[in-house]
Amino acid sequence: MSKPLIGIVMGSTNDWDVMQHAARALKDFGVAYEARALSAHRTPDLLIEWIDDIVARGARAFIAGAGGAAHLAGVVAAKTTLPVLAVPIPSRHLQGLDSLLSMVQMPKGIPVATFAIGDGGAANAGLFAVSMLALGDEALAKKLVDFRKKQADSVRAAKLPEL
Ligand code: RP5
């Protein structure tokens, strides 16, 4: 892919099922991204190396997805002043409530913007990243308006089944 504007990072390759929805949103809007599975606790040095490298290559924001004690987004935010959007991954025992709370409860001073648990949150993180980039990109802003219009049109055209 060309120079990535958004870095997507997830704690495990098993998170891709959810995180692909963030990637899909970016791809649909023609936003270049780079996606990596890197863990804040299993591969901390590699994670930091990647953050430094993608920032140096011109990244504008990060989307970080993780499950359980989901400190990944916080660690990314600790290393960069770029915006970090966090996606709580549904976890095996607590269905992602643990991920959500550990992301949304970042201590004061190092913010992460936390989205909904799972696929919808990942898709919205992608769309939100598009909105941020659209602030400085008129063509992208127009694509977002068209996307919203298409979405509204499909709701308007929807028919409920007859009884
Ligand atoms: C976190 O632990 C990952 O983000 C993943 O959601 C969770 C479980 O990891 P795996 O055991 O599936 O690799 O680091």
Side-chain angles (χ1 to χ4, degrees), residues 1-135 140 143-144 147 151:
M1 252 191 188
S2 57
K3 195 174 115 167
L5 292 178
I6 305 294
I8 299 180
V9 62
M10 61 215 80
S12 164
T13 52
N14 291 325
D15 298 336
W16 177 244
D17 266 0
V18 171
M19 294 306 289
Q20 64 173 311
H21 295 279
R24 168 59 56 196
L26 297 175
K27 195 166 187 180
D28 286 351
F29 281 88
V31 171
Y33 66 88
E34 183 170 293
R36 295 289 303 270
L38 293 168
S39 164
H41 52 281
R42 292 176 205 167
T43 58
D45 296 338
L46 208 52
L47 172 66
I48 301 299
E49 254 172 54
W50 176 74
I51 294 168
D52 287 344
D53 181 56
I54 194 171
V55 169
R57 285 185 282 138
R60 307 284 299 280
F62 287 88
I63 301 176
H71 42 283
L72 178 63
V75 170
V76 176
K79 259 309 277 181
T80 175
T81 53
L82 292 175
V84 177
L85 317 183
V87 180
I89 301 291
S91 53
R92 181 145 159 247
H93 298 292
L94 297 174
Q95 290 75 50
L97 187 58
D98 42 356
S99 326
L100 171 68
L101 293 178
S102 58
M103 285 172 164
V104 84
Q105 285 297 101
M106 271 301 288
K108 182 179 174 185
I110 305 290
V112 301
T114 304
F115 288 77
I117 299 169
D119 297 0
N124 275 350
L127 290 172
F128 196 90
V130 171
S131 290
M132 288 194 303
L133 295 172
L135 287 170
L140 200 54
K143 276 191 199 171
L144 258 181
F147 166 79
Q151 193 168 241

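In listed order, ligands and their atoms are each counted from 1.
Each of the atoms 3 (C), 4 (O) of ligand 1 lies under 4.0 Å from some heavy atom of Gly11. The ligand atoms of ligand 1 that sit less than 4.0 angstrom from a heavy atom of Asn14 are 10 (P), 12 (O), 13 (O).
Of all protein heavy atoms, the one lying nearest to atom 5 (C) of ligand 1 is Asp15 OD1, 3.3 Å. Atom 10 (P) of ligand 1 has its closest protein heavy atom at Ser12 OG, 3.5 Å. Closest to atom 7 (C) of ligand 1, if we only count protein heavy atoms, is Gly67 O, 4.0 Å.
Asp28 has no carboxylate O lying under 4.0 Å from a charged side-chain N of Lys143, or vice versa, which leaves the two without a salt bridge.
Not a single N or O atom of Ala66, backbone or side chain, sits closer than 3.5 Å to an N or O atom of ligand 1.
Compare Arg42, His41, Met19 by their heavy atoms: the one nearest to atom 8 (C) of ligand 1 is in Arg42.
Using the six-membered ring where Trp is involved, His71 and His41 have ring planes that are tilted, between 30° and 60° apart.
Under the 3.5 Å distance criterion, the side-chain polar atoms of Asp15 are matched with a main-chain donor or acceptor of Gly11. For Ser99 (side chain) and Gly67 (main-chain N/O), no donor-acceptor pair under 3.5 Å exists by modelled atom type. A donor-acceptor pair is defined here as one N or O able to donate and one able to accept, closer than 3.5 Å; no such pair exists between the side chain of Gln105 and the backbone of Ser102.
Atom CZ of Arg57 is surrounded by more than 12 heavy atoms from other residues, nucleotides or ligands within 6.0 Å.
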